[in-house]
Structure formats: C-alpha cells, structure tokens
S.K.: 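Take a look at the following structure, please.
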Amino acid sequence: MIRLRPYKACDAQIITTWLKDEYAFRQWSADRYEKYPITPDDMNSYYDRDKNNEQIWGMTAFVQTGVVGHFTMRFPNRNSFDEVRLGFVIIDDKRRGKGYGKEMLSLAIQYAFDFVKVKKISLGVFENNQTAINCYEACGFKRIKLENTESYLCMGEVWNCIEMELVR
C-alpha cells in the first residue's frame with residue numbers, strides 16, 4: 001500500500017538514481033535542469049528556490065520498504081486555488097509496470113480534490129512518453145487541445161507536450 005508525505009531533502013538521494021539515461025531524465029524534467037546527470041544536491045537546490053513559495057510543494061510516495069515515487073503540485077494561477085498542476089511525476093524504475101504509478105496518482109488526485117479542494121488537476125506530458133500517457137488516462141485524465149502546443153528543445157529535438165486534465 002502506497003502512502004504520501006511531503007518531500008524531504010533526503011528523498012533526492014533515492015529519486016535521482018531512477019533517472020538512468022538522459023532521455024528518461026528529459027522526459028521527466030524537460031529543460032528544467034541544465035545538465036545530466038543530476039545529483040541529489042542539484043535536485044534539492046532546484047527545490048530550495050521555491051521553499052518559501054506556498055504555491056508549490058513536493059510529495060513523496062512510499063511503502064514500508066522505502067520511497068517509490070515522487071511528484072510536485074502547484075497552483076498555476078496565482079489568484080486562484082481552483083486548479084492544481086502535477087509535475088516531475090516519477091516512479092522507481094524497478095517498480096514500473098506494477099501499478100505503483102496509478103496508485104500514486106490516485107492518491108494525488110484524492111489529495112487534490114478532497115484536501116486542497118480544487119476543481120481541476122492538470123499536467124503536461126511529452127508525446128514521446130506513451131507509458132506515462134497510458135497511466136494518466138487510466139487515472140481518468142483527458143487530453144485537451146490548447147491554442148498553442150507547448151514545446152521544448154530536448155536532446156537536439158523539438159518535443160511537444162500533450163496537455164491533460166481531470167475535472168471534478
């Protein structure tokens with residue numbers, strides 16, 4: 001059974017080991033980090049920039065044997081608490097394909113709707129990350145069309161995002 005708790009700096013020691021190659025790293029982080037691989041200090045330095053920002057927070061998923069997943073939540077609109085956006089979603093690479101992602105996201109959804117009291121949860125996922133897309137769709141997220149597709153330059157290629165949302 002997966003549980004959630006706030007992210008702690010010591011979690012970075014585990015999470016950064018799940019990013020085995022630059023391709024997977026960029027699918028997870030886009031261009032948010034300058035270099036691959038990242039160290040736990042890099043991850044914590046990145047998060048420290050927002051440590052006093054009440055609009056964003058990290059969550060860690062764990063089981064009895066340790067940390068199994070991670071994601072962030074943030075309010076994308078400064079003047080509204082009706083929507084939360086998920087980011088940096090990742091599951092331990094040794095546990096993928098076993099339902100951990102779906103279980104973690106189900107808890108994130110429950111937390112967002114029942115405790116944060118949002119009306120909508122959104123996220124962006126690269127179109128080249130079909131496994132993640134399948135997981136999000138299995139949790140009820142729907143693809144939506146935006147006027148402009150968000151794109152990033154990753155590894156010398158342009159990667160397009162798919163926008164997804166779940167509305168209560």
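The model shown is predicted, which means the values in this text are computed figures rather than measured ones.
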S.K.: Carefully, step by step, assess I90 and I15 under the rule side-chain contact (heavy atoms from CB on, under 4.5 Å).
M.R.: CA-CA 8 Å; I90 191 168; I15 296 164; 4.1 Å; yes
S.K.: Are more than 12 heavy atoms from other residues, nucleotides or ligands located less than 6.0 Å from atom CZ of R3?
M.R.: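 Open.
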S.K.: Could you tell me whether E34 atom CD has more than 12 heavy atoms of other residues or ligands within 6.0 Å of it?
M.R.: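 Count not over threshold, so no.
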S.K.: Taking a hydrophobic cluster as the set of Ile, Leu, Val, Met, Phe, Trp and Tyr residues connected by side-chain heavy atoms closer than 4.5 Å, whether directly or through intermediates, do I56 and I121 fall within one such cluster?
M.R.: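 No, I56 and I121 fall in different hydrophobic clusters.
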S.K.: At what distance, to the nearest 0.5 angstrom, does CZ of R26 lie from SG of C154?
M.R.: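 Going from the CZ atom of R26 to the SG atom of C154 covers 6.5 Å.
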S.K.: Do I38 and V89 land in one hydrophobic cluster if side-chain heavy atoms of ILVMFWY residues count as linked below 4.5 Å?
M.R.: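 No, I38 does not connect to V89 through the hydrophobic network.
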S.K.: To the nearest 0.5 angstrom, please state how far the CE atom of M104 sits from the CG atom of L4.
M.R.: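 If we round to the nearest 0.5 Å, M104:CE and L4:CG are 8.0 Å apart.
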S.K.: Can F126 and W159 be said to form a ring pair (Phe, Tyr, Trp, His ring centres under 6.0 Å), step by step?
M.R.: CA-CA 6 Å; F126 285 122; W159 290 6; 5.1 Å; yes
S.K.: Residues two or more places apart in sequence or in another chain: which of them pass side chain to side chain donor-acceptor pair (under 3.5 Å) with S151?
M.R.: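 Side chain to side chain donor-acceptor pair (under 3.5 Å) check on S151 returns N160.
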S.K.: Which heavy atom in G124 sits nearest to a heavy atom in E163, and how many Å separate them?
M.R.: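 Minimum heavy-atom contact is CA-OE1, 4.2 Å.
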S.K.: Evaluate K120 against D82 for salt bridge (Lys or Arg N to Asp or Glu O under 4.0 Å), listing each step before the verdict.
M.R.: CA-CA 6 Å; K120 178 170 77 171; D82 288 341; over 6 Å; no
S.K.: Transitively linked via ILVMFWY side-chain contacts under 4.5 Å: L19 with I91?
M.R.: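 The answer is no; the residues belong to distinct hydrophobic clusters.
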S.K.: Any chance you could measure L105, atom CG, to Q110, atom CD, to the nearest 0.5 Å?
M.R.: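 The CD atom of Q110 is 13.0 Å from CG of L105, to the nearest 0.5 Å.
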S.K.: Look at the aromatic rings of F141 and Y136 and report parallel, tilted or perpendicular, splitting at 30° and 60°.
M.R.: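 Geometry flag for Y136 against F141: perpendicular rings.
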S.K.: Can you tell me how far apart OH (Y36) and CH2 (W28) are? Round to the nearest 0.5 Å.
M.R.: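 Spacing of OH (Y36) from CH2 (W28) equals 11.5 Å.
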S.K.: Who are the ring pair (Phe, Tyr, Trp, His ring centres under 6.0 Å) partners of F113, not counting sequence neighbours?
M.R.: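 Result, ring pair (Phe, Tyr, Trp, His ring centres under 6.0 Å) vs F113: none returned.
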S.K.: Under the side chain to side chain donor-acceptor pair (under 3.5 Å) test, which residues partner E83, sequence neighbours left out?
M.R.: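 Listed in chain order: S122.
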S.K.: Could you tell me the separation between the OG1 atom of T72 and the CZ atom of F88, rounded to the nearest 0.5 Å?
M.R.: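 So the gap between those two atoms works out to 6.5 Å.
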S.K.: Taking ring pair (Phe, Tyr, Trp, His ring centres under 6.0 Å) as the test, write out the residues that go with F81, two or more places apart.
M.R.: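 Once residues adjacent in sequence are excluded, the partners of F81 under the ring pair (Phe, Tyr, Trp, His ring centres under 6.0 Å) criterion are F75.
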S.K.: So which atom in A112 and which in V84 form the shortest heavy-atom distance, rounded to 0.1 Å?
M.R.: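 Looking at all heavy atoms of both residues, the shortest contact is CB-CG1, 3.7 Å.
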S.K.: Side-chain donor-acceptor contacts of residues 39-46 below 3.5 Å, not counting sequence neighbours, with atom names and distances?
M.R.:
residue: T39; atom: OG1; partner: D41; partner atom: N; Å: 3.3
residue: T39; atom: OG1; partner: D42; partner atom: N; Å: 3.0
residue: T39; atom: OG1; partner: D42; partner atom: OD2; Å: 3.2
residue: D42; atom: OD2; partner: K35; partner atom: NZ; Å: 2.8
residue: D42; atom: OD2; partner: T39; partner atom: N; Å: 2.9
residue: N44; atom: OD1; partner: Y7; partner atom: OH; Å: 2.6
residue: N44; atom: ND2; partner: A9; partner atom: O; Å: 3.0
residue: N44; atom: ND2; partner: P40; partner atom: O; Å: 3.3
residue: S45; atom: OG; partner: D41; partner atom: O; Å: 2.9

S.K.: I'd like to know whether NZ of K145 has more than 12 heavy-atom contacts from other residues, nucleotides or ligands below 6.0 angstrom.
M.R.: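 Atom NZ in K145 is not crowded, with 12 or fewer foreign heavy atoms closer than 6.0 Å.
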S.K.: Please confirm whether F71 and W57 have ring centers closer than 6.0 angstrom.
M.R.: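 Ring centres of W57 and F71 not closer than 6.0 Å.
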S.K.: Using the six-membered ring wherever Trp is involved, compare the ring planes of H70 and Y47 and label them parallel, tilted or perpendicular (cut-offs 30° and 60°).
M.R.: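 If you compare the ring of H70 with that of Y47, the planes turn out tilted.
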S.K.: To the nearest 0.5 Å, what is the distance between CD1 on I133 and CD on E127?
M.R.: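 CD of E127 is found 7.5 Å from CD1 of I133.
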S.K.: Do K142 and L166 come close enough that some side-chain heavy atom pair is under 4.5 Å?
M.R.: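 In short, these two side chains do not touch, never coming nearer than 4.5 Å.
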S.K.: Taking it one step at a time, do R5 and V67 satisfy side-chain contact (heavy atoms from CB on, under 4.5 Å)?
M.R.: CA-CA 10 Å; R5 64 165 170 75; V67 173; 3.8 Å; yes
S.K.: Is a side-chain donor or acceptor of S80 paired with a backbone partner of N77 at a separation under 3.5 angstrom?
M.R.: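 Answer holds: no.
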S.K.: Using a 3.5 Å distance criterion without hydrogens, assess whether the side chain of D50 forms a donor-acceptor pair with backbone atoms of N53.
M.R.: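 Checked: no pair found.
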S.K.: Is there a salt bridge (Lys or Arg N to Asp or Glu O under 4.0 Å) between K119 and E165 once you walk through the steps?
M.R.: CA-CA 10 Å; K119 296 176 182 162; E165 67 180 27; over 6 Å; no
S.K.: Could you name each residue pair satisfying salt bridge (Lys or Arg N to Asp or Glu O under 4.0 Å) that touches residues 94-118, not counting sequence neighbours?
M.R.: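 Matches after skipping sequence neighbours: D92-R95, D114-R168.
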S.K.: Please assess R143 against E137 for the test side-chain contact (heavy atoms from CB on, under 4.5 Å), listing each intermediate value before the final yes or no.
M.R.: CA-CA 8 Å; R143 297 175 194 221; E137 289 177 339; 2.9 Å; yes
S.K.: Work out which heavy atom in I2 is nearest to a heavy atom in A61; give both atom names and the distance.
M.R.: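 Smallest interatomic distance, heavy atoms only, reads CG2-CB, 3.8 Å.
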S.K.: Taking everything shown except R78 itself, do over 12 heavy atoms lie less than 6.0 Å from its CZ?
M.R.: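 Incorrect, the count does not exceed 12.
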S.K.: So if you build clusters from Ile, Leu, Val, Met, Phe, Trp, Tyr with side-chain heavy-atom gaps below 4.5 Å, do F62 and L86 land together?
M.R.: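 Hydrophobic grouping puts F62 apart from L86.
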S.K.: Measuring only between side-chain heavy atoms, which start at C-beta, is V125 closer than 4.5 Å to C161?
M.R.: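 V125 vs C161: side chains apart.
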S.K.: Step by step, would you call V63 with M1 a side-chain contact (heavy atoms from CB on, under 4.5 Å)?
M.R.: CA-CA 6 Å; V63 295; M1 174 169 66; over 6 Å; no
S.K.: Assigning hydrophobic clusters by single linkage (Ile, Leu, Val, Met, Phe, Trp, Tyr; side-chain heavy-atom cutoff under 4.5 Å), is Y152 placed with F25?
M.R.: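 In one cluster with Y152: F25, no.
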